[in-house]
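This one's a predicted model, so the numbers in the text were calculated from it and none came from an experiment.
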Amino acid sequence: MFATVTISGPGRNLLGPTGMARLVAELRAADEDPDVTGIIVTGAGDDFCAGLDIEAIRAGADPVEFATSLVELLGLFPRLGSAVIARVNGDALASGAAIVAACDSAVARDDVLIGTVEVAAGIWPMVAQVPLIHRLGARAAMENIGSGIPFTADRARELGLVTEVVAAVDLDSRVEARLVAASRGATVARLGRPLLYELADLPYEAALQRALDAFSAMFPASGADRP
């Protein structure tokens, strides 16, 4: 069974602390459900997500609270045991692009834009840039982050931000096909998926040792049996 977590909010599915807390809760609930083999993240209506609700911040909301909530949301993705795919049904901008980057894979409509836009407004995307850098590397990420010009769907696919670009009519069928393939190892992924993201952030030798430690933990009695 697949679970769907839908980004919804004011305007183009803008994010605020309450909305991000709801997403965190729904992602955790889906991941803890033993019947769920994969999670789809998508946007309500015709948009995926246009980022943080900057107008609310300009109206007096605490910007640090918004950023802290975003860190909690983005930090959750690598710790989930379930496969997570972004169904990019509309533009994914600013923190919306970061959510796409944080998912394991993404299927995008062929007419969408994906990327940060903050520098065009005189703001550097301090938090939103992190998943993009990790997914693309610094040089490719800078193509978008430094200009504030989002990627087309095809360019996002060329760089590896998007796994597949399809016509709108094919979006749901391709998302399901991708998630079926990704969820074949659903049982072992409970351990392996979080470890994969952990290893990606470690130096090579440290990653090998951490992998050995994880492997050895699966056989706790093996060392005791040795003379």
Side-chain angles (χ1 to χ4, degrees), residues 2 4-9 11-15 23 38-52 54 70 73-74 77-78 80 83-121 123-184 193 196-197 200:
F2 303 143
T4 299
V5 174
T6 303
I7 305 167
S8 60
R12 303 177 68 185
N13 295 329
L14 298 176
L15 299 170
L23 292 174
I39 302 171
I40 300 167
V41 177
T42 192
D46 294 326
D47 290 288
F48 184 81
C49 174
L52 298 182
I54 300 301
L70 180 58
L73 173 60
L74 295 177
F77 283 91
L80 297 173
V84 186
I85 187 169
R87 175 186 177 271
V88 190
N89 59 306
D91 291 346
L93 305 175
S95 301
I99 292 173
V100 172
C103 292
D104 296 329
S105 59
V107 178
R109 247 177 37 198
D110 56 10
D111 59 344
V112 305
L113 298 175
I114 307 171
T116 65
V117 294
E118 287 89 332
V119 298
I123 303 170
W124 193 268
M126 294 297 183
V127 175
Q129 68 182 335
V130 174
L132 291 164
I133 294 168
H134 278 250
R135 182 65 66 186
L136 302 178
R139 174 172 287 183
M142 185 61 80
E143 179 181 330
N144 160 239
I145 296 168
S147 68
I149 300 172
F151 300 121
T152 64
D154 285 335
R155 182 58 176 157
R157 179 180 55 188
E158 289 173 2
L159 294 173
L161 179 56
V162 164
T163 317
E164 189 172 355
V165 174
V166 300
V169 68
D170 297 321
L171 183 61
D172 288 330
S173 63
R174 293 308 304 158
V175 166
E176 182 172 348
R178 287 274 178 184
L179 204 48
V180 166
S183 60
R184 287 175 181 170
R193 182 188 180 277
L196 182 149
Y197 283 100

Is a donor on one side and an acceptor on the other found under 3.5 Å between the side chain of Arg12 and the backbone of Ala50? no

Val127 and side-chain contact (heavy atoms from CB on, under 4.5 Å): which partner among Leu70, Leu73, Leu52? Leu70

Is a donor on one side and an acceptor on the other found under 3.5 Å between the side chain of Arg109 and the backbone of Asn89? yes

Could you go through the side-chain contact (heavy atoms from CB on, under 4.5 Å) check for Ile39 and Phe2 one step at a time? CA-CA 6 Å; Ile39 302 171; Phe2 303 143; over 6 Å; no

Report yes if some heavy atom in the side chain of Val119 is under 4.5 Å from a heavy atom in the side chain of Pro125; otherwise report no. yes

Is there a donor-acceptor pair closer than 3.5 Å between any side-chain N or O of Arg193 and the backbone N or O of Leu80? yes

Given Cys103 and Ile85, is the side-chain contact (heavy atoms from CB on, under 4.5 Å) satisfied, shown in steps? CA-CA 6 Å; Cys103 292; Ile85 187 169; 5.9 Å; no

Where the side chain of Asp91 meets the backbone of Val112, is there a donor-acceptor pair that is under 3.5 Å apart? no

Which is it for Val162 and Phe151 under the side-chain contact (heavy atoms from CB on, under 4.5 Å) test, yes or no, and what are the steps along the way? CA-CA 10 Å; Val162 164; Phe151 300 121; over 6 Å; no

Is the shortest heavy-atom distance from the side chain of Ile7 to the side chain of Thr42 under 4.5 Å? no

Roughly how far, to the nearest 0.5 Å, is SG of Cys49 from CD1 of Ile114? 12.0 Å

Keeping Asn144 on the side-chain end and Thr116 on the backbone end, is there a donor-acceptor pair under 3.5 Å? yes

Determine the minimum heavy-atom distance between Leu113 and Leu93, stating which atoms define it. O-CD2, 3.9 Å

Under 3.5 Å donor-acceptor, Asp47 side chain and Asn13 backbone: no

For residues Gln129 and Trp124, determine if any side-chain heavy atom of one lies less than 4.5 Å from a side-chain heavy atom of the other. yes

All heavy atoms of Ala97 vs all of Ala92, minimum pair found to be CB-O, 3.5 Å

For residues Val100 and Leu161, report the shortest heavy-atom separation together with the two atoms involved. CG1-O, 3.9 Å

More than 12 heavy atoms of other residues, nucleotides or ligands under 6.0 Å from CG of Asp110: yes or no? yes

What's the spacing between Arg135 CZ and Leu159 CG if we round to 0.5 Å? 12.5 Å

Minimum heavy-atom distance Gly96-Phe48, with the two atoms named: O-CE2, 3.5 Å

How many angstroms lie between OG in Ser8 and CG in Leu14, if you round to the nearest 0.5 Å? 11.0 Å

Between the CZ atom in Arg157 and the OG1 atom in Thr152, the distance rounded to the nearest 0.5 Å is 9.0 Å

Can you check whether Ala106's main-chain N or O pairs, donor with acceptor, with Thr163's side chain at less than 3.5 Å? yes

So does Ile54 have more than 12 non-hydrogen atoms from other groups sitting under 6.0 Å from CD1? yes

Do you know which two heavy atoms are closest between Ala98 and Ala128, and how far apart they sit? CB-O, 3.4 Å

Can you tell me how far the CD atom of Glu143 sits from the CD1 atom of Ile145, to the nearest 0.5 Å? 10.5 Å

Got a second to check how far Ile40's CD1 is from Glu176's CD, nearest 0.5 Å? 7.5 Å

Minimum heavy-atom distance Pro131-Ala102, with the two atoms named: CB-N, 4.2 Å

